[in-house]
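Values below: every heavy atom of this structure, side chains too, minus hydrogens, waters and symmetry copies. Residue numbers begin at 1 in each chain, while the letters A, B, ... track the order of the sequences. All values derive from a computational prediction rather than experimental measurement.
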Amino acid sequence: VKILEDHYKLKIPLPMLIVLVFAFCVPLFASQQALTLLIPALSWSVACMGWTLIVRTGQISMGQAAFMAIGAYATTLFAINLGVPFGLDILLGGLISGVVALLVGIVVLRLGGMYFSVVTLAFGELVRVIALNAKDITNGVYGLIVPQPQISAINTVVTKVPYYYMAIALVIAAALVFWRFDASRLGRVFRSISSSSLISQHSGVYLMKYRVIAFTFASMLTGFAGGLYCHYLGFIGPTVFQLWQSIMILIMSTVGGIGSAVAGPILGAMVLSPIGDYLTTVLAGAKPFIFGIIVVVVIFFLPGGLVSLRERIRPRGQGGGRPRNIDLENAARNLLNK
Amino acid sequence: MPPPAVWLEGFIVGSTLVIMASGLVLVLSIMGILNWAHGQLYMLGAVFLYYLFVQLGVNYIVALLGATAAVAAIGVAIEKWLLRPLVPKGFLPPSVAALGLLFAIEGAVVISFGVEFRDVPTVLEGVIRVGTVSISRERLLVVCIAIGVMLALHYFIHRTKIGLAIRAAAQEATVASLYGVPSGRLFTIVMATGAGLAAIAGGLIAPVYFVDPYMGQRPFIQAIMAIVLGGLGSLRGALAGGMIIGFIVTVGGYYIGTWYEVIIFAAVMAIILLRPQGLFGEKEARV
């Protein structure tokens, strides 16, 4: 911690430290069942952080699950066909996902706004169709079995603890990246774009460049999450990541609160993902029904999301500290004026 | 050349997409948001038609009208209680709310209707032969209703006073309201029309294909692709884009199966690169 503070001028607040220590201790007392709820939630929280980063540049992505899918398929294909070892294959899968996002972003982020939402939505469908139809590579609707890592002395089929720590590591890495992003010059540029793209354009910000940077980085990390998730699942098929999951990412982030780049999405994913997994076992259709209602209620009565609860309960004093909260309105007000 | 039946199928798919896309364009140009739950309204139209036509045994045309009216009423409710308070808050809140609605409607239908595919029985038996081509009467009926709906929509937008108000508000909302166009009531009318159009499209397609809770997703994506292709906020663009996508889906599907999605995506990317305002769009959103 001291080294981090010295090198990166990072200050790790006490509550976060407590959360971290707690997160590391979870496998000591949690059952395997609890872990099967937590590992997906951790993967989703990385995807949610990515979505939030994109939304903070004023763009709404409707296809983040597609980048999880690309990451997952690429990871699996690297592992199966080239025998890339566990860990490295996730890294390569995420990179592929980032490259694809770069290519899509360069074309569509020229226009941004509604065009971006529409094209990412269609992109999600496109990825699903390709996964379904390129049978030689993806085995079509039957999907692929993801090879399990060979870690000596640990049977990853029986215990999920290694995956839990991998997921925690990924979340921490992603959170650090997004956090530093947010505090850096880049983050300030993103904030200025989201509060007024016109003014930032006039002060010399090349909008498209920054949007593409955000989209690419977010999608790369989302790809890592997809790779990890499919390793944990042991299977990847066209139905694992599709339109529904894209909207789930969006709902989890919004419920958590997009006012903060890291805490909101993680909180949203950690709260909603286990609830969703529970609801699917109760009744088919209960999960989308209840999630739809939850997000509408949050939009109406708690527009800042769950993270804004703290300020509701104990309002922070005026002045001091950098402005942290972009409310929903500002985040996207001039999407339309684009 | 694919057989004529494929072209007819393309026309059916295309015209339902045109009807859906027109509803989207109307809502977009007046309220400034994409109605992300449009595909679910389409699905609700088909589900209501199924209940009325199959369960209650009502005449098909009456059932179609009933389903349309019901979904239009739902559209009004959505507009009044969900979208209108959120639209002034920018682009994100109403979009997320509409996506939540998408989830809620789909979930509700899965719970009450079930996930299995349900067949709507044939509306009209028999075929008509034109030379060597035989066309089922049912598909012909669907084509006739679709053309009728499109003509009625054209009349509504271009020949009635409400249509004039809609065109004016789409061009310049502030000025239109200065001239006495009540923007609130216009929101309601547009949303009711949009939802009704989605329901008609769903009700038309129900006897041709199947009814299931997820049937709205793919046509919705195709309809928004159509309006991007034709130009956001242009009804002529919706017509052209919907027909183009309809023929890509069927004629392309005839040759290469579901790979046609790749063609649609490539076409839209090309349009965005070369002509971002779309085939018929102008820089400003206009109906």
If you define the side chain from C-beta out and look only at heavy atoms, does anything of [X] sit under 4.5 Å from [Y]?
{"X": "A:M114", "Y": "B:L28", "result": "yes"}
{"X": "A:F289", "Y": "B:V110", "result": "no"}
{"X": "A:V118", "Y": "B:M225", "result": "yes"}
{"X": "B:W36", "Y": "A:L121", "result": "yes"}
{"X": "A:I60", "Y": "B:L92", "result": "yes"}
{"X": "A:V104", "Y": "B:M269", "result": "yes"}

Find the one option among B:L273, B:L34, B:L99, B:I264 whose heavy-atom pairs under 4.5 Å with chain A are most numerous.
-> B:L99
Top of B:S112, B:A108, B:A97 for chain A proximity - count of heavy-atom pairs under 4.5 angstrom =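 Option with the greatest count: B:A108.
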If you tally heavy-atom pairs under 4.5 Å against chain B, which of [options] wins?
{"options": "A:I293, A:L250, A:L132", "value": "A:L250"}
{"options": "A:I251, A:I290, A:L243, A:I247", "value": "A:I247"}
{"options": "A:P288, A:A284, A:G285", "value": "A:P288"}

All heavy atoms of B:I272 vs all of A:V107, minimum pair found to be CG2-O, 3.9 Å
Any idea which heavy atoms bring B:F265 and A:L126 closest together, and the distance?
-> CD2-CD2, 3.6 Å
Which atoms of [X] approach chain A - backbone, side chain, both or neither, heavy atom under 4.5 Å:
{"X": "B:L86", "result": "side chain"}
{"X": "B:V268", "result": "side chain"}
{"X": "B:F113", "result": "neither"}
{"X": "B:I227", "result": "neither"}
{"X": "B:P85", "result": "side chain"}

According to the interplanar angle, ranging from 0 to 90°, do the rings of A:W244 and B:F103 count as parallel (below 30°), tilted (30 to 60°) or perpendicular (above 60°)?
->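 Geometry flag for B:F103 against A:W244: tilted rings.
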Show your working on side chain to side chain contact (heavy atoms under 4.5 Å, CB included) between B:L82 and A:F300 and close with a plain yes or no.
-> CA-CA 9 Å; B:L82 192 69; A:F300 266 97; 3.6 Å; yes
Checking heavy atoms, do the side chain of A:V129, its backbone, both or neither come under 4.5 Å from chain B?
-> side chain
So, does A:Y115 use its side chain to make a donor-acceptor pair with the main chain of B:P276 at under 3.5 Å?
-> yes
Rounded to the nearest 0.5 Å, what's the gap from CD on A:E125 to CZ on B:R218? Could you check?
-> 5.0 Å
Atom OG1 of B:T258 and atom CZ of A:R128: how far apart are they, to the nearest 0.5 Å?
-> 8.5 Å
Would the number of heavy atoms belonging to other residues, nucleotides or ligands and lying under 6.0 Å from OH of B:Y209 be above 12?
->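 Above 12, so yes.
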